[in-house]
Amino acid sequence: LSICRAFRHFGIEPALAADPDSVAQAERLVLPGVGAFGACMAGLRSAKLDQSVVAFIATGRPFLGICVGMQMLFDESHEFGVHAGLGVMPGKVLPIPSVAEDGMPLKRPVIGWHGLEHTSQNWSNTLLESQPTDTEVYFVHSFSAHPERDEDVLAVYDKHGTKITAVVRHGEIYGFQFHPEKSGAAGLKIIRAFLDL
């Protein structure tokens with residue numbers, strides 16, 4: 001509902017897709033996720049939406065996965081067992097380590113604001129184009145994506161020397177580990193950029 005409110009802020013009335021036909025007809029698609037990976041995937045499958053999401057992504061239309069919605073893009077997650085994802089992007093979802101690179105303990109879940117950092121990928125012509133480095137956005141998560149392709153990682157954030165995937169991108173497929181709809185003005189700019197794709 002918070003994502004719907006963010007869209008309405010820009011005068012866009014979103015439709016909540018409950019069946020494969022609704023997904024197939026969408027101009028752009030947002031896959032949010034709250035809760036555990038396995039339960040979210042089971043919910044998609046029971047509604048017969050898993051393959052329709054994959055088919056939508058294959059068309060090249062704009063797609064945005066948020067939080068667990070981003071994680072579901074990958075091959076599998078190791079949250080409460082091993083669960084298959086949508087397999088759209090190669091990689092795994094693994095627990096955030098309990099100890100950082102500098103030896104400091106890492107609290108899980110990560111809750112709060114963290115600055116986005118560049119990777120080797122240029123932010124020009126992406127949803128992050130208008131964002132300065134260290135733009136702070138809001139995270140709530142205990143697991144993080146580990147894409148197989150370095151070029152799929154658009155931004156990370158730093159926890160005591162440990163770099164955690166914050167944004168993935170492949171073509172018009174975007175995934176945010178953070179919640180843009182809860183990230184203030186910066187998040188609204190990102191949502192506006194998605195609506196303009």
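Connection of V110 to I66 is established within a shared hydrophobic cluster, with ILVMFWY side chains joined at heavy-atom distances below 4.5 Å, either directly or through further cluster members. The hydrophobic clustering, which links ILVMFWY residues whose side-chain heavy atoms are closer than 4.5 Å, places L116 and M70 apart. Cluster membership check: V30 shares its hydrophobic cluster with V137, using side-chain heavy-atom separations under 4.5 Å among Ile, Leu, Val, Met, Phe, Trp and Tyr. Hydrophobic clustering (side-chain heavy atoms under 4.5 Å, transitive across Ile, Leu, Val, Met, Phe, Trp, Tyr) groups L64 together with I191. Follow the hydrophobic side-chain contacts under 4.5 Å out from V82 and you never reach L73; the two are in separate clusters.
In plain terms, the two heavy atoms of A84 and M41 that are nearest each other are O-CG, 3.6 Å. Nearest heavy-atom pair, V23 versus S52, reported as atom, atom and distance to 0.1 Å: CG1-O, 3.5 Å. Closest approach of G91 to F74, counting heavy atoms only: O-CB, 3.5 Å. Residues P32 and M72 approach most closely at O-CE, 4.3 Å, considering heavy atoms. Pairing each heavy atom of A186 with each of Q131, the nearest pair is O-NE2, 3.4 Å. Across all their heavy atoms, R108 and S98 have their closest contact at NH2-CB, 3.6 Å.
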Check: Under the side chain to side chain contact (heavy atoms under 4.5 Å, CB included) criterion, do K189 and L127 qualify, and how do the steps go?
Finding: CA-CA 9 Å; K189 272 189 185 178; L127 298 186; over 6 Å; no
Next item on the list: Carefully, step by step, assess I190 and L128 under the rule side chain to side chain contact (heavy atoms under 4.5 Å, CB included).
Entry: CA-CA 7 Å; I190 290 169; L128 299 183; 3.9 Å; yes
Margin query: As a quick check of understanding, evaluate side chain to side chain contact (heavy atoms under 4.5 Å, CB included) for E151 and Q121, giving each step before the final call.
Written below: CA-CA 7 Å; E151 63 268 25; Q121 304 307 306; 3.8 Å; yes
Margin query: Let's go through T135 and S183 carefully: what are the C-alpha distance in whole Å and the side-chain angles of both, what is the deciding distance for side chain to side chain contact (heavy atoms under 4.5 Å, CB included) to 0.1 Å, and is it a yes or a no?
Written below: CA-CA 10 Å; T135 293; S183 295; over 6 Å; no
Note to self: Working note: D152 + R169, criterion salt bridge (charged side-chain N to carboxylate O under 4.0 Å, His left out); need CA distance, chi angles, decisive distance, verdict.
What the structure shows: CA-CA 5 Å; D152 287 345; R169 180 213 183 191; over 6 Å; no
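With S2 contributing its side chain and E181 its backbone, the two residues share no donor-acceptor pair below 3.5 Å. With hydrogens and angles ignored, the 3.5 Å screen pairs no side-chain donor or acceptor of R149 with any backbone N or O of H170. In terms of modelled atom types and a separation under 3.5 Å, the side chain of T133 and the main chain of E117 share no donor-acceptor contact. In terms of modelled atom types and a separation under 3.5 Å, the side chain of D158 and the main chain of K163 share no donor-acceptor contact. Looking at S77, its side chain never comes within 3.5 Å of a backbone N or O of F37 through a donor-acceptor pair. Judged purely by atom type and a 3.5 angstrom limit, R61 uses its side chain to pair as donor or acceptor with the backbone of A26.
From H179, atom NE2 reaches atom SG of C67 across 3.5 Å, with rounding to the nearest 0.5 Å. One distance of note links CG of L49 with CG of L31; it measures 9.0 Å at 0.5 Å rounding. Between the CD atom in Q177 and the OH atom in Y138 there is a gap of 13.0 Å [rounded to 0.5 Å]. Taking CG of L154 as the reference point, atom CZ of F176 lies at 8.0 Å (rounded to 0.5 Å). Once rounded to the nearest 0.5 Å, the distance linking CZ of F194 with CD1 of I12 reads 11.0 Å. The distance from the CZ atom of F178 to the CD atom of E136 is 12.0 Å, given to the nearest 0.5 Å.
Side-chain contact between E79 and V93 is absent, with no heavy atoms from C-beta onward closer than 4.5 Å. Side-chain contact between V53 and L29: present, with at least one pair of heavy atoms (C-beta onward) separated by less than 4.5 Å. The shortest distance between side-chain heavy atoms of L188 and F10 falls below 4.5 Å. Residues Y174 and L197 meet the side-chain proximity criterion, which asks for heavy atoms closer than 4.5 Å. Taking 4.5 Å as the limit, some side-chain heavy atom of T162 sits within range of a side-chain heavy atom of P97. Within the 4.5 Å cutoff, side-chain heavy atoms of E129 are placed close to those of S124.
Taking the six-membered ring where tryptophan is involved, the planes of H114 and Y157 are essentially parallel, since the angle between them stays under 30° and well short of 60°.
Applying the 6.0 Å contact sphere to CZ of F80 captures no more than 12 heavy atoms from other residues, nucleotides or ligands. Atom CD of E27 has 12 or fewer heavy atoms from other residues, nucleotides or ligands within 6.0 Å.
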